[in-house]
2 protein chains.
Amino acid sequence: MSRDDLPPEAGDGTLPEATDADRFTNARAIRSTALFEDYTELIADLTEEFGEARITDIARRLGVTHPTANKAVLRLKREGLVISRPYRGVFLTEAGAAMARQVKARHRLVVRLLIAVGVPPEAAEMDAEGIEHYVSETTLKAFETYLDGRQ
Amino acid sequence: MSRDDLPPEAGDGTLPEATDADRFTNARAIRSTALFEDYTELIADLTEEFGEARITDIARRLGVTHPTANKAVLRLKREGLVISRPYRGVFLTEAGAAMARQVKARHRLVVRLLIAVGVPPEAAEMDAEGIEHYVSETTLKAFETYLDGRQ
DNA sequence: ACGGAAATGTAGCCCGTGCTATATTTCCAA
DNA sequence: TTGGAAATATAGCACGGGCTACATTTCCGT
């Protein structure tokens, strides 16, 4: 039982450099930004549709209560992703809009790839909602290349 | 501004049945079980390697402190996924072992698919850690079919 | 066999993300 | 124009999941 001095992952040949802990720590970091990504994307959508993003609409689209949406918007504000005045709509800052654009592009790409490998569109759309946050730039590039190569 | 009585998603043609809220609610539900999945999988690995899963090893592999791992194990216990005696190792129940098997199979499949579409193995391994939790049975089946069809 | 190091457990803190209940503000229609 | 409905804000609760600090137990080497 003396495995304290073993180099991590030695012997199994799967991961010479990235340790388990790295991967999990990475996943946790992503999890903490996923909510911001969902909100900025949604606020962008609502702004495009209605000219503004209102708390009630945000809450309904996300399937949460208004106070939850309101609290999240406060955090987004603190992070400089949105601006808002009391009892008024919410609007993305440049940083927020940039995040929204990136998230949206990633979302579309993930859905396209899933469909390309045979996933039914409804399942692709459903699963992409969670998957999209965890797709790295490297993987995204690979998806693009794959999709381009198909026609 | 009267969109209160609009059918959700009407007009964009992307999602006739699954509303946005459904997708987000689904993603939140998955997020809450992801931690359990990570723990059961890891405990299975450690048990296979060392004959038992010890708190210290669990914590190190996940990149968290011992108290965090300990608290999580208490939750796993409460959920009937593991058994443990004070100051002793942690062991999976049948339910926990079943979850571990399922998670591991899913993980492998996701990694294989990512690699199959051209993602570098290290990135595939890294991204799969987050992605795996969000892949539905339907999508999993599609992955299998796709991989089978390639050779 | 026993003393110190390592492992484990526990207390208590912080913050996120959900909720309900209640106050406040806005806005539309009579 | 004003009263009531809808929207928004706020307070406070619960729990998850991370941490540090400290107590306790186990275990190994001398």
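In what follows, every chain begins at residue 1, and chains take the letters A, B, ... in the order their sequences are listed.
The shortest distance between the side-chain N/O atoms of A:Arg54 and the OP1/OP2 oxygens of D:dT8 is below 4.0 Å. Residue A:Arg60 has no polar side-chain atom (N or O) positioned under 4.0 Å from OP1 or OP2 of D:dA6. Remark: B:Arg78 is in phosphate contact with D:dG16, judged by side-chain N or O atoms under 4.0 Å from OP1 or OP2. Close to C:dT8, at under 4.0 Å from its OP1 or OP2, lies no side-chain N or O of B:Asn70.
Between the CD1 atom of A:Ile55 and the P atom of C:dC19 there is a distance of 14 Å, given to the nearest Å. Atoms CG (A:Asp57) and P (D:dA7) sit 8 Å apart, rounded to a whole Å. Protein atom OH of B:Tyr87 is 13 Å distant from nucleotide atom C1' of D:dC27, rounded to whole Å. Put simply, CG on B:Leu74 is 7 Å from P on C:dT10, counting in whole angstrom units. The distance from atom CD1 of B:Ile58 to atom C1' of C:dA7 is 12 Å, rounded to the nearest whole Å. Distance CZ (B:Arg85) to C1' (D:dT25): 13 Å, rounded to an integer number of Å.
Between A:Arg101 and A:Glu94 a salt bridge is recorded (basic side-chain N to carboxylate O distance below 4.0 Å).
Contact of the B:Leu92 side chain with the B:Thr47 side chain is not registered, since no non-hydrogen atoms from C-beta on lie closer than 4.5 Å. A:Arg106 places a side-chain heavy atom less than 4.5 Å from the side chain of A:Glu37.
For B:Lys104, the side chain to side chain contact (heavy atoms under 4.5 Å, CB included) partners at least two apart in sequence or on another chain are B:Glu41, B:Asp45, B:Arg108.
Residue B:Thr56 has its side chain nearest to C:dT8 when only D:dT26, C:dT26, C:dT8 are considered.
In A:Lys141, the NZ atom is not crowded: 12 or fewer heavy atoms of neighbouring residues, nucleotides or ligands sit closer than 6.0 Å.
The distance from atom CE of B:Met126 to atom CG of A:Asp22, rounded to the nearest 0.5 Å, is 6.0 Å. In this structure, OG1 in A:Thr139 is found 3.5 Å from CG in B:Asp127, a value given to the nearest 0.5 Å.
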Task: nucleotides 17-22 of chain D: protein proximity per nucleotide (B base, S sugar-phosphate only, - neither; heavy atom, under 4.0 Å) - done: BBBBB-
